[in-house]
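Everything on this sheet refers to the single structure shown next.
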Amino acid sequence: MSKEEFPSEKNLDEKENASTPKNVKKKATEGKEAKNDKHDEKLAKELADLKDKNKELEDKYLRSEAEIQNMQNRYSKERAQLIKYESQSLAKDILPAVDNLERALSVEADDDVSKQLKKGVKMTLDSLTKALKEHGIVEIEAEDVKFDPTLHQAVQTVAAENDDQKDHVVQVLQKGYQYKDRTLRPAMVVVAQ
């Protein structure tokens, strides 16, 4: 057989190159470059979108972390307040009993039985007052002191006898009590004007 019947690969490439015009090759190369440029642009856009989304998620994460930290701080403060003022509601409930015992002591006792009863009431009041003081519940000083609206509740005013008595408490109608730095119940007072 002749060479023409079995052409070699080299000859095939040469024939192919000769049969394909140069401008077709150029167009194919340009088409591939255009596809690569579009693909690169698409990837660049996708990368920019992912970076933006990453920034957004990171911002949300940091804000969530800050919110959690704030909640923990708030919780610990509230817990400390609850512990500090845990006896407040019990004290408010006991104060009317203290008032009743004081009223019972203000009644005159004529015979031995009522004097013994009064002595028992006095002992009960003393032990209750001692327990309140041990837990930080103290009576608000009101008699002959300057009127303080955070500690006193004025229920009546009277004319002042002199200038020194103006805006001072002249009579206590009901004792007031404080628990640590809080007013449990303001003292009900009469103020001179």
Side-chain angles (χ1 to χ4, degrees), residues 1-99 131-142 145-155 167 174-189 191:
M1 287 198 160
S2 69
K3 277 188 174 182
E4 288 181 14
E5 287 180 31
F6 295 105
S8 67
E9 287 182 20
K10 187 176 180 184
N11 291 339
L12 282 176
D13 287 340
E14 288 174 5
K15 284 183 181 180
E16 214 174 83
N17 287 340
S19 66
T20 319
K22 287 184 181 179
N23 61 354
V24 173
K25 283 184 185 179
K26 190 175 182 183
K27 284 183 182 178
T29 309
E30 286 175 1
K32 285 182 182 179
E33 286 177 6
K35 283 183 182 178
N36 284 342
D37 287 346
K38 283 184 180 180
H39 185 67
D40 288 346
E41 286 176 17
K42 185 178 176 183
L43 287 177
K45 185 180 179 205
E46 197 174 308
L47 180 64
D49 289 345
L50 288 174
K51 283 182 179 180
D52 289 343
K53 189 167 186 167
N54 185 29
K55 283 181 184 178
E56 182 183 324
L57 290 174
E58 186 177 2
D59 183 54
K60 284 182 180 180
Y61 169 75
L62 291 174
R63 288 177 188 272
S64 297
E65 280 293 315
E67 182 65 28
I68 289 169
Q69 188 67 35
N70 289 340
M71 285 172 42
Q72 287 174 341
N73 291 341
R74 220 177 8 249
Y75 172 74
S76 63
K77 284 179 185 178
E78 287 174 1
R79 184 152 170 72
Q81 287 282 13
L82 285 173
I83 290 169
K84 183 176 179 182
Y85 298 110
E86 67 186 338
S87 302
Q88 182 175 345
S89 62
L90 177 63
K92 281 184 177 181
D93 293 341
I94 291 175
L95 293 180
V98 171
D99 293 337
L132 289 173
K133 283 182 183 175
E134 286 175 357
H135 290 278
I137 300 156
V138 293
E139 183 180 331
I140 295 172
E141 291 295 321
V145 297
K146 186 165 176 62
F147 176 75
D148 182 357
T150 60
L151 300 175
H152 307 121
Q153 180 181 357
V155 292
D167 293 328
Q174 184 183 38
K175 291 180 180 179
Y177 292 90
Q178 267 187 312
Y179 178 56
K180 298 184 181 178
D181 58 346
R182 286 188 177 176
T183 302
L184 285 178
R185 181 178 76 186
M188 293 174 65
V189 296
V191 180

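- Residues Lys55 and Asp59 form no side-chain contact, since every pair of their non-hydrogen atoms from C-beta on lies 4.5 Å or further apart.
- In Lys180, the NZ atom is crowded: over 12 heavy atoms of neighbouring residues, nucleotides or ligands sit closer than 6.0 Å.
- Side-chain atoms of Asp49 and Lys53, non-hydrogen and from C-beta on, never get closer than 4.5 Å to each other.
- Residues meeting the side-chain hydrogen bond (donor to acceptor under 3.5 Å, both in side chains) test with Asp99, sequence neighbours left out: Gln174, Arg185.
- Here CG of Leu47 is found 10.5 Å from CG of Asn54. Values are rounded to the nearest 0.5 Å.
- The distance from the CG atom of Leu132 to the CG atom of Leu184 is 9.0 Å, given to the nearest 0.5 Å.
- Using a 4.5 Å heavy-atom cutoff, the side chains of Tyr75 and Met71 are not in contact.
- Lys77 is not listed as a side-chain neighbour of Gln81, based on a closest heavy-atom distance of 4.5 Å or more.
- Atoms CD1 and CD1, on Ile94 and Ile137 in that order, are 7.0 Å from each other to the nearest 0.5 Å.
- To the nearest 0.5 angstrom, Asp52 atom CG is 11.0 Å from Leu57 atom CG.
- Counting heavy-atom neighbours within 6.0 Å of Glu139 CD, excluding the residue itself, gives a total above 12.
- Here CG of Asp167 is found 4.5 Å from NZ of Lys146. Values are rounded to the nearest 0.5 Å.
- Rounded to the nearest 0.5 Å, atoms CG (Leu95) and CG (Leu90) are 9.5 Å apart.
- Gln88 meets the side-chain hydrogen bond (donor to acceptor under 3.5 Å, both in side chains) test with Arg182; sequence neighbours excluded.
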